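Report on one structure; see the data block that follows.
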Amino acid sequence: MEYFAKAMAELLGCRRCYVAMLSASGLEEARIGDAPADPSCAAMVERFARKGTAEDVASLEPINSRTSFVRKLIGAEPPVKSHSVIGRFASDERTTVVFVAGWRPAALAASEIPGLAHTVRPLWKAAHSLARQAPGQVDAQLWLEELTFPAIVVDQGLHIYAVNRGGRVLLAKRELLRMEGGRLAGSCASVTESLRGAIGKVLIESGTHGWFNTTVPLSTDRQQFAFAKIGAVPTHDKLGQALIVVPQFDDVQGAHCIASAFGLNWAEERIVARILQFQCPRDIGAELGLTEATVRTYTKRIMLKLGINRQSEFFLLYHLTQSPFGAGRRENWVSRSASDCRLDEEGPMRLRTAGKHSPE
């Protein structure tokens, strides 16, 4: 965010720039220049961030009537007449970014706005890439907070070393994961042991065969279908520690990720989204104006494209697309998720168990 703020200030000819990033974890802020932080502006920044949609193109405009709001974000303007600029765009990380820069000696000309607006996203991507060039030199807590999903750093004994904002919220709920005496614990003893075993394997495999990650089911309850992605901490100075990320289920984003990864069209993506909403073919057809038979035909065609045999695998594919450990790296599933938990083909959310290992 600071890299981006500096780049925007230079692009717009300003000495100060405020940047806010709104995600599911809340509002994060960064500033360059000598402006003090003012918490009273957070609500207004969030309202401005939510004005757009995920498909919104970058917006950028001069500010005239919002000067008191701007002063709180970037500090008072110089004695001479000055100008400021506000912008908003949706990033590839499923966040909305708001920035305010000032103070410009000249107003932003209308003819400049389209070109500058199209420059914003490339600058953000460049800053994002630059911030990740040398992860071994970055403090773990800094890059941990950049992760959208709840994230926790532990060792094989499940001692907790670092937690990001989303992770703290997750632990406070004490539903999927909790902290007991400084150690991580699952919702039951079997989940805790699965986490411990997966972390041990990740640390051994990553040390001998390169990057390796694994997935552990935290809950197979129909209302709380949750997994943890586990891999080695991506810094060279944190040997013996593992990163646990718990993807938060988002059916719309999940369908989009699957569609992008497998080249599905818009109609197919809409059906995948509703399967991820646990709708049966009859309800999907009623909502989309299709017959139940047509929905089943679409679903079989989609499953053929994805190379899957069960509708439960839509959920597994969703979690695989959310892996924070990079594409193309070795992936392992804890056997319990494959052998003990299945979803009924007829109704995606009718969970059943095999053998004696019932979900606890």
Side-chain angles (χ1 to χ4, degrees), residues 24 53-55 94 148-150 170 173 175-176 187-188 190-191 194 215-229 245-323 331 333-360:
T53 65
E55 292 76 28
R94 299 171 60 203
T148 302
F149 297 134
L170 185 69
K173 291 180 179 178
E175 295 174 352
L176 299 173
S187 57
C188 60
S190 61
V191 171
S194 294
T215 302
V216 173
L218 299 179
S219 171
T220 52
D221 180 80
R222 63 174 293 166
Q223 299 299 328
Q224 204 173 28
F225 192 72
F227 290 82
K229 305 288 295 186
V245 176
V246 183
Q248 302 298 282
F249 200 81
D250 181 331
D251 47 86
V252 175
Q253 180 65 20
H256 180 69
C257 288
I258 292 173
S260 299
F262 293 91
L264 303 184
N265 60 39
W266 178 69
E268 292 168 333
E269 180 178 335
R270 291 201 303 166
I271 289 178
V272 172
R274 282 153 181 83
I275 291 174
L276 294 176
Q277 291 170 4
F278 317 126
Q279 294 187 25
C280 66
R282 182 178 62 256
D283 292 341
I284 294 174
E287 187 170 327
L288 299 181
L290 303 172
T291 65
E292 182 178 342
T294 300
V295 172
R296 292 186 181 278
T297 300
Y298 262 110
T299 303
K300 289 178 181 178
R301 187 184 307 163
I302 294 168
M303 292 170 67
L304 185 63
K305 286 185 178 181
L306 271 53
I308 62 177
N309 299 312
R310 297 177 177 174
Q311 288 191 10
S312 63
E313 292 171 340
F314 281 109
F315 297 88
L316 306 185
L317 280 175
Y318 166 72
H319 282 285
L320 288 174
T321 63
Q322 297 300 306
S323 174
E331 167 76 22
W333 280 81
V334 171
S335 59
R336 177 180 174 182
S337 67
S339 62
D340 295 342
C341 301
R342 299 197 300 271
L343 294 175
D344 195 304
E345 288 286 317
E346 186 69 16
M349 277 314 295
R350 286 209 286 272
L351 279 167
R352 56 191 186 188
T353 58
K356 61 181 179 181
H357 303 291
S358 298
E360 300 183 44

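This one's a predicted model, so the numbers in the text were calculated from it and none came from an experiment.
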### Task
Work out which heavy atom in Ser187 is nearest to a heavy atom in Leu218; give both atom names and the distance.
OG-O, 3.7 Å
### Task
Can you measure from OG1 (Thr297) to CD (Glu292) and round to the nearest 0.5 angstrom?
10.5 Å
### Message
Is any side-chain heavy atom of Leu264 closer than 4.5 Å to one of Leu306?
### Response
yes
### Summary
CE (Met303) and CZ (Arg301) are apart, to the nearest 0.5 Å, by 14.0 Å
### Query
Taking only residues two or more places apart in sequence, or in another chain, which ones meet Glu269 in a side-chain contact (heavy atoms from CB on, under 4.5 Å)?
Ala255, His256, Ala259
### Task
List the steps and the verdict of side chain to side chain contact (heavy atoms under 4.5 Å, CB included) for Phe314 and Ile302.
CA-CA 10 Å; Phe314 281 109; Ile302 294 168; 3.8 Å; yes
### Message
Is the shortest side-chain heavy-atom distance between Ile284 and Leu290 below 4.5 Å?
### Response
no
### Query
Any side-chain heavy atom of Val216 within less than 4.5 Å of one from Phe227?
no
### Task
Establish, from distance only, whether the side-chain atoms of Thr294 and Thr291 form a donor-acceptor pair under 3.5 Å.
yes
#### Entry: Separation between CZ of Arg270 and CG of Asn265, rounded to the nearest 0.5 Å
10.0 Å
### Task
Would you name the heavy atoms of Lys305 and Phe262 that are closest together and state the gap between them?
O-CD2, 4.2 Å
### Query
Can you list every pair that meets salt bridge (Lys or Arg N to Asp or Glu O under 4.0 Å) and has a residue in residues 274-288, with sequence neighbours left out?
Arg274-Glu287
### Close side-chain approach of Ile271 and Leu288, heavy atoms under 4.5 Å
yes
